[in-house]
Amino acid sequence: MKKLILIFLCCSFMVFTANAQRYITKTGHIKFYSDSPLEKIEAHNRQVKAIIDVATGDFIFTVLMKSFEFPKALMQEHFNENYVESDKFPNATFLGKVTNIKDLNVAKEGTYEVTVEGKLTIHGVTRFVKEQGTFEVQSNKLNGKAKFNLFLADYGIKVPGAVTNNISKTIEITVEVALDKFN
Amino acid sequence: MKKWIKIFAGLFAIGIIAIFVIFFFFYNKPHPDYANMDAAYTMAVGDLYKSYKANKTEAGQKYNGQVIAISGRLSKVELSDSLTTCVFVFNQGIFGDEGVRCTMSPSFSAEAKKFQPDGEVRLKGYCTGFNDTDVILDKCSIEKQ
């Protein structure tokens with residue numbers, strides 16, 4: 001599986017290199033929100049790397065798990081050590097495409113509905129995902145937004161019995177990226 | 001009987017205090033103050049980048065989650081939303097500049113914004129890892145020369 005991901009990553013990079021219509025950011029924002037009966041937990045990662053090639057629709061995200069910031073230090077420790085095991089699986093990645101990229105006109109300001117699909121890898125588990133989002137075109141910027149839910153069990157993330165009422169089995173993920181044109 | 005009640009009340013009070021202590025000093029403990037922590041590693045910023053480029057797994061096992069003090073020639077300071085990031089560039093790739101990105105702690109942002117490109121700086125921060133193009137240091141503080 002690791003070899004397949006590496007090959008896919010290399011192929012994606014080669015496609016990106018061949019085209020010039022790229023928009024990138026290294027300061028994208030992902031919010032993680034868990035709403036359980038006992039506790040609401042929110043964490044933010046503001047160092048998300050993302051690139052989109054608007055010619056092909058290829059879209060890549062890379063997230064460092066240790067860059068998530070929680071309101072409480074203990075939550076952050078548990079997140080890294082017990083749940084996502086960030087020493088073992090330091091990165092989460094998304095490798096995919098905007099399937100309706102032809103609907104996105106970067107020459108015309110406005111908000112465009114997009115469908116993104118591809119392979120999301122978290123905690124060493126890769127799954128196919130398909131989600132809706134928007135891109136707002138603003139001069140040389142693309143502001144991407146999406147909100148979707150993740151099931152922890154889908155990614156092999158186990159919540160200990162003692163805290164099952166503190167952490168929701170479904171996590172709401174909000175993605176906000178302000179991508180700059182890059183030549 | 002009264003003695004038994006006193007013992008029970010005493011144990012109950014100790015229990016309440018223990019819960020209070022656990023809540024405030026364990027569950028509610030503050031985030032680490034990286035600026036006042038000793039660095040686990042002190043090195044040239046270029047060496048840190050080279051370590052990850054040479055073997056990201058090995059470097060990750062050594063440096064991820066550690067407080068690292070780095071020194072080197074600054075390439076630029078990037079400002080985005082509320083973040084001030086000191087960037088040391090060592091390579092060019094599909095994501096543009098590649099190198100070491102140091103996100104400044106809010107209390108050191110104002111000082112970092114005054115940094116000039118090509119100036120020698122010494123920073124210390126919490127290493128969150130390598131995202132295949134950049135090594136990320138978070139909550140960075142400025143180390144005195």
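Only the backbone of F130(B) comes within contact range of chain A, with heavy atoms under 4.5 Å apart. Within the 4.5 angstrom heavy-atom criterion, no atom of K56(B) approaches chain A. Heavy atoms of A178(A) lying under 4.5 Å from chain B are absent altogether. Contact of M75(A) with chain B is made through the side chain alone, with heavy-atom distances under 4.5 Å.
Between K26(A) atom NZ and E78(B) atom CD the span is 7.5 Å, to the nearest 0.5 Å. Within the model, atoms CD of Q47(A) and OG1 of T103(B) stand 3.5 Å from one another, a figure rounded to the nearest 0.5 Å. Residue D134(B) holds its CG atom at 6.5 Å from NZ of K49(A), rounded to the nearest 0.5 Å. Between the OG atom of S80(B) and the NE2 atom of H29(A) there is a distance of 12.0 Å, given to the nearest 0.5 Å. Note that the NE2 atom of H31(B) and the CG atom of L74(A) stand 10.0 Å from one another [nearest 0.5 Å].
Taking a 6.0 Å sphere around CZ of F128(A), one finds it holds more than 12 heavy atoms contributed by other residues, nucleotides or ligands. A 6.0 Å sphere centred on CD of E39(A) holds more than 12 heavy atoms belonging to other residues, nucleotides or ligands. Heavy-atom contacts from other residues, nucleotides or ligands closer than 6.0 Å to CG of D38(B) number 12 or fewer.
The nearest pair of heavy atoms linking I24(A) to G96(B) is CD1-N, 4.5 Å. Of all heavy-atom pairs between F182(A) and I94(B), the closest is CE2-O, 3.6 Å. When every heavy atom of P30(B) is checked against every heavy atom of A73(A), the shortest pair comes out as O-CB, 3.5 Å.
For the ring-ring contact (aromatic ring centres under 6.0 Å, His included) condition, the pairs that include at least one residue of residues 129-159 of chain A, sequence neighbours left out, are F59(A)-F135(A).
The candidate with the highest count of non-hydrogen atom pairs below 4.5 Å against chain A, out of N131(B), I136(B), N28(B), is N131(B).
Residues T133(B) and T62(A) fail the side-chain proximity criterion, which asks for heavy atoms closer than 4.5 Å. Contact of the D138(B) side chain with the E69(A) side chain is registered, since non-hydrogen atoms from C-beta on lie closer than 4.5 Å.
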